[in-house]
Structures are given as structure tokens and as C-alpha cells.
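Beneath this line is the structure, given in C-alpha cells, with notes to follow.
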Amino acid sequence: MAKRALVTGISGQDGAYLSRLLIQQGYEVFGMVRRSSHSGIAEHRLRWLGILDKVKLLDGDLLDLSSIMRLISEVQPDEVYNLAAQSFVTSSWQQPVLTANVTAVGVTNILEAIRLNRPQARFYQASSSEMYGRIQEPVQSESTPFYPRSPYAVAKLYGHWITVNYRESFGLHASSGILFNHESPLRGLEFVTRKVTDGVARIKLGLNKDLRLGNIEAKRDWGHAADYVRAMWLMLQQDHADDYVIATGTTTSVREMCKIAFGHVGIDMDEHLVIDPTFYRPAEVEILLGNPAKAKQVLGWAPQIDLQTMIVEMVEADLDRLQHPTVVSRS
Ligand code: NDP
Ligand code: GDP
């Protein structure tokens, strides 16, 4: 019988790529979606990957324990991937309580639903490199102390530790992936890589003149979402649950990432890039750099797509989308 996976956050970037992987692996995929008055819009990423008709979408909200209990009872999943979150750092200063309720307490809701209704299910929690914040070691690994710098990162830290706690308290097969930034053509437009690739595509097509950014000296360890969802799946195939850093081991500044995007379309970055303090953050994470040695050794995981290749893919996808706005499926 096919394995059954329940994915929260299925309408997000990682939810779409993970669902495609699980379908390829022969899983029956169920996704939790929030009710919206804009019917159909939430599913655009699944449509873009050509898998919307291959997943079953069920109503639920991470804030609503009863809806999660019902979903776990109905689906009886073998694996649960908790990808849902208020995931944008900047918004977490504007909506700190919502961020705490969804990104932190929401994890307890889903762990409780599993503990009470389906304790044999394997659980994945989407932890984040933002938990390292003001870094305590130049290269961050599973043993590096955390120092979160935003309400989002504080909430993720709670989600991380409650996952560890349910593993240790109740013996759940609960794993936490400490994923460094990962991007794709399906990344939200508010995140810096996609803002840049969309902005560069607009400038190339004459739709915009400027690209306005904040702190372009910040550095991130950027990978591709398609690589990173493979690591999530591998974690749940292990006999023992554990925590893993997922990263490329290379860090690049926003400035250098921009250069790749502008360079690809042959436009001089200095003529179009505007530094706008509106995009500075109340507290910044200046640099992140992960050490994925444990994931490599235990999971046999390694990233396959480098930053240059990914940014070029994203610019090309944005050029295509802007020129053919009705075309959604690329697969
Ligand atoms: P996205 O922002 O693209 O997706 C977030 C998902 O969460 C969406 O499907 C959204 O639904 C859903 N969601 C938000 N609030 C709720 C709620 N109350 N109930 C149910 N669903 C909700 O994030 P990504 O795909 O990029 O990231 C996936 C996970 O990994 C997130 O938890 C993120 O914090 C974490 N992470 C991401 C990293 C990255 O670089 N991408 C790095 C490290 C961790 P809707 O469509 O309705 O808004
Ligand atoms: P984060 O690491 O989860 O916060 O991912 P983001 O893509 O949102 O931001 C990555 C880095 O880019 C942060 O250090 C931001 O301060 C920096 N950055 C600079 N300009 C911008 C901008 O205009 N938008 C965003 N989102 N980030 C920016």
C-alpha cells in the first residue's frame, strides 16, 4: 500500500517541491490548506509544478487544534511534514503575536494531534538557520548555540525545542531540519533572492527602472529548495529521529547575488540598484554559513544546484512569467 504523507504549508515553496518528490516516490499526498476568499490562488505553486491534481487538499489551520486532530484522524499519515509558518522575518516584527501562535505554538498543536491520534507517524519540523542569528561560531553546526534575532527566529526556536522535547518525552519519531536559506522560482516575492530576480526581469523588460533593497552586505548560505526537500524526506527514512543542519557550506552577500542576476541579463547593476533604508531591519542577521557534514555522513545528502545556476533559473522563470502571465505550468 502507498505510504501516506500529510504536508502542512503545502501551498508554500517547500510544500510544492516536497509534494512533487513524495509523488515521485509513490506516496499518497495530503495537504493542509487555510480557507481563503481568493479560491484557487493558494494553489499556484502546485499548478506551476503540474501536480495540483495529484495531491488531496484538506481544510485546516495550524492555529486550530481541532482541525489538525481531525486531519490526523482522517488521513492516518505515515509521515507528517510541518512546513506551515509565518515565515517572513520582516513580518514577524509587524505581527509578533501571530508569528508566535503559528510558528511556535502551532508546532505543539500538530505534535499533540500526532501524540494522541497517530503516535507511530514520523514527524518533520521545519527549523531555521535564523535560530543562529547573532552567530556564536563562524560556521554553524548542530552543536552551535542559538541566538535568535527576530520574533520569527524566537518562534522557530520554540518549534525546534518542542520537537526535540516530544521526541525525548514521548518517543515520537520527530526530526528537525535546521535549514539554511533555500530559494527557487517558487520563492515568495518578499524574500531577497526572488525580489532581485523579479526586479531584474522587470528592468530587463522595461517595466521598472529601479530595484530598491536594504542591507546588501548581509551574507547567506543559499541553496535550492528542490535539493533541500530531499533532505527532509531522507530524515524521515532513518531508523532514529534526529536533528540536521542542511546547508551548502558557502556564503554569499546579497550584493554578489544581485551581480549574478544583473550579469545574466547584461545590465549594469550600479545604474539600477537603490539602497532604501525602509528595508533595513530592527535587528539584522549579518552572516550565516552552515556545515552540512552530519547530513552528508548520515543521510548521504549533498546539494546539487549551485547559487549561480539557481539565480539564472529564477531570472529566466521571472522573465517568462512576466512575458506570458497566463502560463503557469512549467513541468
Ligand atoms: P512559505 O512562506 O512559502 O510557505 C508557508 C506556508 O505556511 C504556506 O503554505 C502558508 O499558507 C502556510 N501557513 C501559514 N500560516 C498558516 C496557518 N496558520 N495554518 C496553516 N498553514 C499556514 O515558506 P517556505 O515554503 O519557504 O518554507 C517552509 C517552512 O520552512 C516554513 O516553516 C519556513 O519558516 C521554514 N524555513 C524556510 C526556509 C527557506 O529558506 N525557505 C529556511 C528555513 C526554514 P498560505 O498559502 O495560506 O499563506
Ligand atoms: P531571511 O534570511 O529569512 O531573512 O531571508 P530574506 O531573503 O528575507 O533576507 C535575507 C537577507 O537579505 C537579510 O539579511 C536582509 O536584511 C537582506 N536584504 C537586503 N535587502 C532586502 C530586501 O529588500 N528584502 C529582503 N527580504 N531582504 C533584504
- Message: Going by the rule salt bridge (charged side-chain N to carboxylate O under 4.0 Å, His left out), which residues pair with Arg281 if we only count those two or more places apart in sequence or in a different chain?
- Response: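 Salt bridge (charged side-chain N to carboxylate O under 4.0 Å, His left out) check on Arg281 returns nothing, list empty.
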- Under the salt bridge (charged side-chain N to carboxylate O under 4.0 Å, His left out) test, residues paired with Lys296 that sit two or more places apart: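 With neighbours one apart ignored, the set is empty.
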Under a 4.5 Å cut-off applied to non-hydrogen side-chain atoms, are [X] and [Y] in contact?
| X | Y | result |
| --- | --- | --- |
| Leu83 | Ile10 | no |
| Leu307 | Thr250 | no |
| Ser66 | Met69 | no |
| Arg321 | Pro185 | yes |
| Asp227 | His224 | yes |
| Met232 | Leu236 | no |
| Leu22 | Tyr17 | no |
| Ser129 | Asn181 | yes |

- Any pair counted as ring-ring contact (aromatic ring centres under 6.0 Å, His included), so long as it reaches residues 51-96, sequence neighbours left out: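 Matches after skipping sequence neighbours: Phe88-Phe191.
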- Task: Check the pair Met314 / Ser184 against side-chain contact (heavy atoms from CB on, under 4.5 Å), numbers first and verdict last.
- Result: CA-CA 6 Å; Met314 291 171 69; Ser184 73; 5.5 Å; no
Are the charged groups of [X] and [Y] less than 4.0 angstrom apart, N to O?
| X | Y | answer |
| --- | --- | --- |
| Asp243 | Arg167 | yes |
| Arg255 | Glu217 | yes |
| Asp318 | Arg194 | yes |
| Lys3 | Glu79 | yes |
| Arg118 | Asp78 | yes |
| Arg134 | Glu284 | no |
| Glu28 | Arg4 | yes |
| Asp242 | Lys294 | yes |

Heavy-atom pair with the smallest gap, counting every atom of [X] and [Y]:
| X | Y | value |
| --- | --- | --- |
| Thr163 | Ser176 | CG2-CB, 4.3 Å |
| Gly9 | Ala84 | N-CB, 3.6 Å |
| Gly290 | Ala247 | CA-CB, 3.6 Å |
| Val285 | Glu130 | CG2-OE1, 3.5 Å |
| Pro138 | Gln140 | O-NE2, 3.2 Å |
| Ala155 | Ala100 | CB-CA, 4.2 Å |

Hydrophobic clusters here meaning ILVMFWY residues chained together by side-chain heavy-atom distances under 4.5 Å, can you tell me if [X] and [Y] are in one?
| X | Y | value |
| --- | --- | --- |
| Val245 | Leu234 | no |
| Val298 | Tyr124 | yes |
| Val89 | Phe180 | no |
| Val312 | Leu322 | no |
| Leu179 | Tyr152 | no |

Residue list, ring-ring contact (aromatic ring centres under 6.0 Å, His included) with [X], at least two apart or on another chain:
| X | answer |
| --- | --- |
| Tyr147 | none |
| His160 | Phe146 |
| Tyr280 | none |
| Tyr228 | His182, Trp301 |

- Message: Thr193 and side chain to side chain donor-acceptor pair (under 3.5 Å): which single residue from Arg187, Arg220, Glu183 fits?
- Response: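 The passing option is Glu183.
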Any donor-acceptor pair under 3.5 Å linking the side-chain atoms of [Y] with those of [X]?
| X | Y | answer |
| --- | --- | --- |
| Asn82 | Thr8 | yes |
| Thr103 | Gln86 | no |
| Asp221 | Thr248 | yes |

Supply the members, apart from [X], of the Ile/Leu/Val/Met/Phe/Trp/Tyr cluster built from side-chain contacts under 4.5 Å; use none for a lone residue.
| X | answer |
| --- | --- |
| Leu189 | none |
| Leu289 | Val139 |
| Ile162 | Leu6, Phe30, Met32, Leu58, Leu62, Leu63, Ile68, Leu71, Ile72, Val75, Val80, Leu98, Val102, Val107, Ile110, Leu111, Ile114, Phe123, Tyr158, Tyr166, Phe170, Leu172 |

Could you give the distance from [atom1] ([X]) to [atom2] ([Y]), rounded to the nearest 0.5 Å?
| X | Y | atom1 | atom2 | value |
| --- | --- | --- | --- | --- |
| Trp233 | Leu299 | CH2 | CG | 10.5 Å |
| Tyr132 | Ile287 | OH | CD1 | 14.5 Å |
| Met257 | Leu213 | CE | CG | 7.5 Å |

N/O donor-acceptor pairs under 3.5 Å from side chains in residues 263-275, not counting sequence neighbours:
unit_1 : atom_1 : unit_2 : atom_2 : d
His264 : NE2    : Glu316 : OE2    : 2.7
Asp268 : OD1    : Asp270 : N      : 3.1
His272 : ND1    : Lys209 : O      : 2.7

- Are there more than 12 heavy atoms of other residues, nucleotides or ligands under 6.0 Å from atom CD of Gln24?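 Yes - once you tally the heavy atoms of other residues, nucleotides and ligands closer than 6.0 Å, there are more than 12.
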- Message: As a quick check of understanding, evaluate side-chain contact (heavy atoms from CB on, under 4.5 Å) for Lys54 and Val29, giving each step before the final call.
- Response: CA-CA 8 Å; Lys54 299 188 179 74; Val29 178; over 6 Å; no
- Message: Strictly distance-based, threshold 3.5 Å: is any side-chain N or O of Lys195 a donor or acceptor partner for the main-chain N or O of Leu211?
- Response: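 Between the backbone of Leu211 and the side chain of Lys195 there is no qualifying donor-acceptor contact (under 3.5 Å).
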- Side chain Ser91, main chain Gln94, donor-acceptor under 3.5 Å: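 Checking the backbone N and O of Gln94 against the side chain of Ser91, no donor-acceptor pair under 3.5 Å is found.
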- Task: Check the pair Glu43, Leu57 against side-chain contact (heavy atoms from CB on, under 4.5 Å), reporting the backbone distance first and the verdict last.
- Result: CA-CA 9 Å; Glu43 295 91 28; Leu57 300 180; 3.5 Å; yes
- With sequence neighbours excluded, what pairs up with Ala261 under the side chain to side chain contact (heavy atoms under 4.5 Å, CB included) test?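 If we apply the side chain to side chain contact (heavy atoms under 4.5 Å, CB included) test to Ala261, skipping adjacent residues, the hits are Val196, Val200, Ile311, Val315.
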- Query: Could you walk me through whether Arg45 and Ser11 pass the side-chain contact (heavy atoms from CB on, under 4.5 Å) check?
  - Reply: CA-CA 7 Å; Arg45 292 184 171 100; Ser11 55; 5.7 Å; no
